[in-house]
Amino acid sequence: MKIGLALSGGAARGIAHVGVLKYLEENKIQPHCLAGTSAGSIVGALYCSGKTVNELSEIASSLSWKNMLHFSFPKMGLIDSSRLLDVIKEYIGDITFEKLELPLAINAVDLLSGKQVVMDKGPVAEAVQASCAIPGIFSPVKYNQYLLVDGGLLNNLPTLFIEDKGVDTIIAVNVGAQRALSKEPGNIFEVLIQSFDVVQQYRDMEARKHADYLIEPELGDLSFFETANSALLIERGYQTAEQVLKQVNLSSKPGLLGRWFKRRSKK
């Protein structure tokens, strides 16, 4: 069974992805390849570079937005995204996609063409930086001939471009706002991100249909910037993965006809 794992964006809520990876590891479910958007690209890059789930948990507990934000007020954003690049490189260095232990694809959006760009070759850290460049908050990232911003602008749940990677089953983890928040945004950054997610809820419906198993932790009570709640986020991700997957046999490969009917039933 070749399993593709798609990890959505969701700012600090992306820490919940670590809980899903913990459940998969404990149950000997090994992804064949990963795709990540924004926060999902960070977790995907760390995991595919060889970081263990325990290491990911330690990194998550040490994260602080103060370490990642540099208020330089560039012309095209409130925050210069170069500090984010520095933080990513602290953990994965200058590794390229070709050197990763597991295949990884990361998406961003080119402001010049208005199209999605999928990156699976070249430097990983720069691809993650681009995928996390939330418009209006982080400055766009120049990458080859592109001017890139957050991949969630067009596709926050990257199931669509993992489908052609030769996988039998797609597990998608959505940590974006699937429902209304239980409390009001507390600052301009939360207003921008929540506005972003209102659009994503409707736009990503098609992407959700391409998942064989959809894991959506209940995170409406947690802020997009609450990195201090890493233990709770990891636990929510783990519990939801268990609820969705505990009755599933992912050790046998489905027949082509069975998979075709599964796909047809979602259309």
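FYI, the numbering just counts along the sequence from 1.
Distance check: I171 CD1 to I3 CD1 gives 5.0 Å after rounding to the nearest 0.5 Å. To the nearest 0.5 Å, atom CD1 of residue I137 and atom SG of residue C132 are 11.5 Å apart. Atom CG of residue L46 and atom CD1 of residue I59 lie 5.0 Å apart, to the nearest 0.5 angstrom. Here the straight-line distance linking atom CG of L104 with atom CE of M119 works out to 9.5 Å at 0.5 Å rounding. Expressed to the nearest 0.5 Å, how far CD of Q239 lies from CG of L232 amounts to 8.5 Å. How far CD1 of I95 is from SG of C48: 9.5 Å, rounded to the nearest 0.5 Å.
Hydrophobic cluster membership differs between L160 and I170, with clusters built from Ile, Leu, Val, Met, Phe, Trp and Tyr side chains linked at under 4.5 angstrom.
For E55, the side-chain contact (heavy atoms from CB on, under 4.5 Å) partners are K51, T52, not counting sequence neighbours.
The side-chain contact (heavy atoms from CB on, under 4.5 Å) test with I234 is passed by exactly one of V20, V53, V18: V18. Each of L112, V117, L153 was compared with L148 under the side-chain contact (heavy atoms from CB on, under 4.5 Å) criterion, and only V117 meets it.
Proximity of P140 to V149: side-chain heavy atoms (C-beta onward) are separated by under 4.5 Å at one or more points.
For the 3.5 Å distance criterion, the side chains of N107 and T37 qualify, holding a donor opposite an acceptor.
Residue D164 qualifies as enclosed at atom CG: its count of foreign heavy atoms under 6.0 Å is above 12. Other residues, nucleotides and ligands contribute over 12 non-hydrogen atoms within 6.0 Å of the CZ atom of F161.
The pair E126-K89 counts as a salt bridge, with a side-chain nitrogen and a carboxylate oxygen less than 4.0 angstrom apart. Ion pairing of R83 with E90 is present here, as a side-chain N (NZ or NE/NH1/NH2) and a carboxylate O approach within less than 4.0 Å.
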Output, in order, the C-alpha distance, side-chain angles, deciding distance and verdict of side chain to side chain contact (heavy atoms under 4.5 Å, CB included) for K115 and D110.
CA-CA 6 Å; K115 296 180 179 179; D110 179 27; 5.5 Å; no
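When all heavy atoms of V167 and C33 are compared, the closest pair comes out as CG1-SG, 3.6 Å. For G9 against V175, the heavy-atom pair with the smallest separation is O-CG2, 3.5 Å.
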